[in-house]
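Taking it in order: structure first as structure tokens, then the write-up.
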Amino acid sequence: HAERINGYNPLAIIDAIKRKKKILSDGLGPVLLDTVTYRVSGHSPSDASSYRSKEEIDSWIAADAIPAFRKRMVDGKTLSDKEADALKSTAESTVFEMFKRGIDMEISPRIPVTSEFISTVMFSNKRIENCDESRKPELNHPLSENPRVKQIADKARYAFDAAGNAVPKMKQYCVRDGLFESIMYRYERDATLTAFGEENRDWGGAFAVYRGMTEALPYHRLFNSPISEAAIVGAAVGYALEGGRAICELMYCDFLGRAGDEVFNQLSKWQSMSGGILRMPVVLRISVGAKYGAQHSQDWTAMVSHIPGLKVVYPVTPYDAKGLMNSALAGTDPVIFLESQKCYETGELFEKNGVPTDYYEIPIGEPSIKKSGKDITIVTLGPTLYTSLASAKVLEEKYGVSAELVDLRCANPLNYTKVIESVKKTGKVVLLTDAAERGSYMHTVASRISEYCFDYLDSAPAVVGSRNWITPAAELEAAYFPQISWLLDAIHERVLPLKGHTVTTNQSIQELSKRDKEGV
């Protein structure tokens with residue numbers, strides 16, 4: 001339902017909008033209006049309009065909609081010159097009165113230069129069970145009847161049985177199950193909650209998190225979107241501003257660029273730009289890929305963490321995924337919810353009591369000690385938690401080094417207390433990330449550790465990340481993503497010499513300097 005109309009003809013615009021509104025009201029949208037108009041003034045006070053001629057501008061001024069339509073109204077005896085002058089005077093005096101009030105320091109006081117006001121309105125930090133209490137949540141059937149719910153009920157919520165043996169993978173409660181449970185919990189309570197993205201509905205989402213929801217939810221609460229990342233995030237922003245709660249999804253982290261303005265300038269800023277009047281209860285789920293090469297396997301945690309106004313989380317265990325999603329969906333702030341494709345099928349290895357069936361929340365910004373140790377601290381964010389866990393075992397068994405593992409779980413906000421306590425205890429720290437090493441979020445953490453723990457450090461924090469390459473195909477990923485050998489070599493060469501260790505990869509300061517010089 002698309003058409004082009006003359007933007008200088010108010011009657012044409014009124015007619016087109018009435019017709020398009022009816023199409024939308026009848027549920028037959030979307031619609032598109034290509035409204036042809038012209039900007040007579042420059043783009044800004046410094047715009048001299050040197051890119052267009054005086055004749056061009058004058059010809060458009062001659063056709064200006066306001067005097068042209070006035071003439072048409074007067075010539076058609078619909079409006080007299082006196083009435084038209086009165087309307088113009090009213091409009092001008094109203095605008096001038098608004099201007100006077102805007103510059104009046106009594107009526108419109110300014111925020112002092114030293115004020116912390118912006119920091120108080122960037123996040124609303126509220127909790128809302130149901131964004132519209134006048135409505136009841138719509139479900140197709142009780143959750144107790146849902147096939148996915150029944151399947152999950154039979155799974156082991158801890159990856160090991162009572163005898164310490166690993167539960168078969170198919171029987172393990174995994175990360176995607178934790179996400180499903182937390183999302184369905186909120187669907188039962190928030191009538192406004194809607195989820196959408198590419199391939200979200202019919203076969204349970206690209207990574208099966210939504211499997212079972214197709215049966216449980218009416219289409220308007222879970223639906224497939226066009227392949228347009230900007231439209232996906234933009235729609236979520238608009239829906240939240242109108243009072244709803246949205247979960248929108250970008251299938252790959254690499255596609256953030258397609259929704260750059262919507263994420264970086266809209267989702268992140270409206271709460272602050274409204275002075276805290278508006279709220280933005282949007283969870284943007286983004287999967288971080290692997291195996292799919294240069295344009296589908298990048299970790300851009302650093303990019304979203306750099307943008308003020310966004311909360312950023314990256315859980316990689318079932319317990320953390322469920323608890324953090326519960327917090328995100330109870331809140332009123334925009335949350336970038338990163339999910340590793342490597343970890344969707346991972347069972348719970350750390351919570352010995354298993355993932356609770358009951359509702360619980362993990363506060364956004366609180367790291368987790370996944371393993372206690374005394375000799376060195378290893379800090380992770382994302383799936384490198386499991387690389388670190390395997391490395392810690394080698395350190396312990398082969399070198400007698402006790403490693404403490406700290407999983408940040410979140411990038412913003414981030415409470416450094418547990419990190420500081422660990423580094424003060426060990427005096428040594430290495431940070432591991434799957435993101436390209438240069439400019440990674442772990443460099444921010446390393447810098448903070450250097451400032452907070454300077455007097456306790458025996459060596460500079462060492463960051464180990466993926467190579468600063470374009471992400472290769474799956475067959476070459478062992479040469480790209482951090483491996484156990486990389487971490488051991490980096491510890492040996494830059495943090496703590498390991499007795500009897502043989503270096504197999506070059507992680508020395510000299511090698512880092514060489515790579516920096518070459519840009520790789």
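Computed from heavy atoms alone, side chains included, the values below leave out hydrogens, waters and symmetry copies. Predicted model, so just to flag it, every value in this text is computed and none were measured.
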Kindly indicate whether the side chain of R467, heavy atoms from C-beta on, has any atom under 4.5 Å from the side chain of R515.
yes
Taking 4.0 angstrom as the limit, do E404 and K425 come out as a salt bridge?
yes
D375 and S402: side chain donor to acceptor below 3.5 Å:
no
Within the distance-only criterion (no hydrogens, no angle test), does the side chain of N224 pair as donor or acceptor with the backbone N or O of N200 below 3.5 angstrom?
yes
Verify, without hydrogens or angle tests, whether D320 (side chain) and T317 (backbone) share a donor-acceptor contact under 3.5 angstrom.
no
Is the side chain of Y386 donor-acceptor paired with the backbone N or O of V316 at a distance under 3.5 Å, no angle test?
yes
Parallel, tilted or perpendicular for Y185 and Y359, by the 30°/60° rule?
parallel
Between T471 and Q298, a side-chain donor and acceptor under 3.5 Å
no
Counting only N and O atoms by type, is there a donor-acceptor contact under 3.5 Å from the side chain of R186 to the main-chain atoms of E129?
yes
Under the 3.5 angstrom rule, does the side chain of R494 hit a backbone N or O of A462 as a donor-acceptor pair?
no
The test is side-chain contact (heavy atoms from CB on, under 4.5 Å); show your working for H220 and E138 and say whether it passes.
CA-CA 10 Å; H220 64 274; E138 300 168 76; 3.2 Å; yes
Please determine if R285 and E339 form a salt bridge, counting it only when a charged side-chain N lies under 4.0 Å from a carboxylate O.
yes
Would you say D261 and Q266 are linked by a side-chain donor-acceptor pair, where the criterion is simply a distance under 3.5 Å?
yes
Taking the basic N atoms (NZ, or NE/NH1/NH2) and the acidic carboxylate oxygens, is any pair closer than 4.0 Å for E421 and K418?
no
Strictly distance-based, threshold 3.5 Å: is any side-chain N or O of E348 a donor or acceptor partner for the main-chain N or O of R157?
no
Side chains of T332 and S124, donor plus acceptor under 3.5 Å:
yes
L395 and L487, any side-chain heavy atoms less than 4.5 Å apart:
no
Between H296 and Y252, how do the two ring planes meet: parallel, tilted or perpendicular, split at 30° and 60°?
perpendicular
Only one of Y360, Y158, F350 forms a ring-ring contact (aromatic ring centres under 6.0 Å, His included) with Y319, so which one is it?
Y360
With under 30° as parallel and over 60° as perpendicular, where do the rings of H492 and H501 fit, or are they tilted in between?
tilted
Carefully, step by step, assess L408 and Y441 under the rule side-chain contact (heavy atoms from CB on, under 4.5 Å).
CA-CA 11 Å; L408 298 180; Y441 179 71; 4.2 Å; yes
From the list L498, L488, D489, side-chain contact (heavy atoms from CB on, under 4.5 Å) with V503 holds only for D489
Is it true that Y210 and R148 share a donor-acceptor pair across their side chains at a distance under 3.5 Å?
no
Just wondering, do Y314 and V288 contact through their side chains at under 4.5 Å, heavy atoms?
yes
For residues 191-201, which residue pairs qualify under salt bridge (charged side-chain N to carboxylate O under 4.0 Å, His left out), counting only residues two or more places apart or in two chains?
none
Side-chain touch V445/L381, heavy atoms, less than 4.5 angstrom
no
Identify the heavy atoms of K428 and V495 that sit nearest to each other, and give their distance.
CB-CG1, 3.6 Å
Quick one: do L179 and F337 satisfy side-chain contact (heavy atoms from CB on, under 4.5 Å)? Show the steps, please.
CA-CA 11 Å; L179 295 172; F337 204 97; 3.6 Å; yes
Establish, yes or no, whether the cationic atom of K342 lies under 6.0 Å from the six-membered ring centre of F481 and within 45° of the ring axis.
yes
Is it the case that S368 and K370 place a side-chain donor and acceptor less than 3.5 Å from each other?
yes
When you measure from the side chain of S447 to the backbone of H443, do you find a donor-acceptor pair of N or O atoms at a distance under 3.5 Å?
no
Within the side chain of S513, is there an N or O that forms a donor-acceptor pair under 3.5 Å with the backbone of I509?
no
Ion pair check, E351 and K322, cut-off under 4.0 Å
no
How about Y173 and E181: does a side-chain donor come under 3.5 Å of a side-chain acceptor?
yes
With a 4.5 Å heavy-atom cut-off, do D434 and P482 have their side chains touching?
yes
If only atom types and distance count, is the side chain of N412 paired as donor or acceptor with the main-chain N or O of S305 below 3.5 Å?
no
Is there a side-chain contact between T346 and C174 (heavy atoms, below 4.5 Å)?
no
Work out which heavy atom in D407 is nearest to a heavy atom in G382; give both atom names and the distance.
OD1-N, 4.4 Å
Less than 3.5 Å apart, any donor N or O on the side chain of T505 or S485 sitting next to an acceptor on the other?
no
Taking atom types as modelled and ignoring hydrogens, do the side chains of E361 and N326 form a donor-acceptor contact shorter than 3.5 angstrom?
no
Do N415 and E366 have side-chain atoms, one donor and one acceptor, less than 3.5 Å apart?
yes
Would you say W270 has more than 12 foreign heavy atoms packed within less than 6.0 Å of its CH2?
no
Looking only at atom types and distance, does a side-chain atom of N506 sit under 3.5 Å from a main-chain N or O of S508, one as donor and one as acceptor?
yes
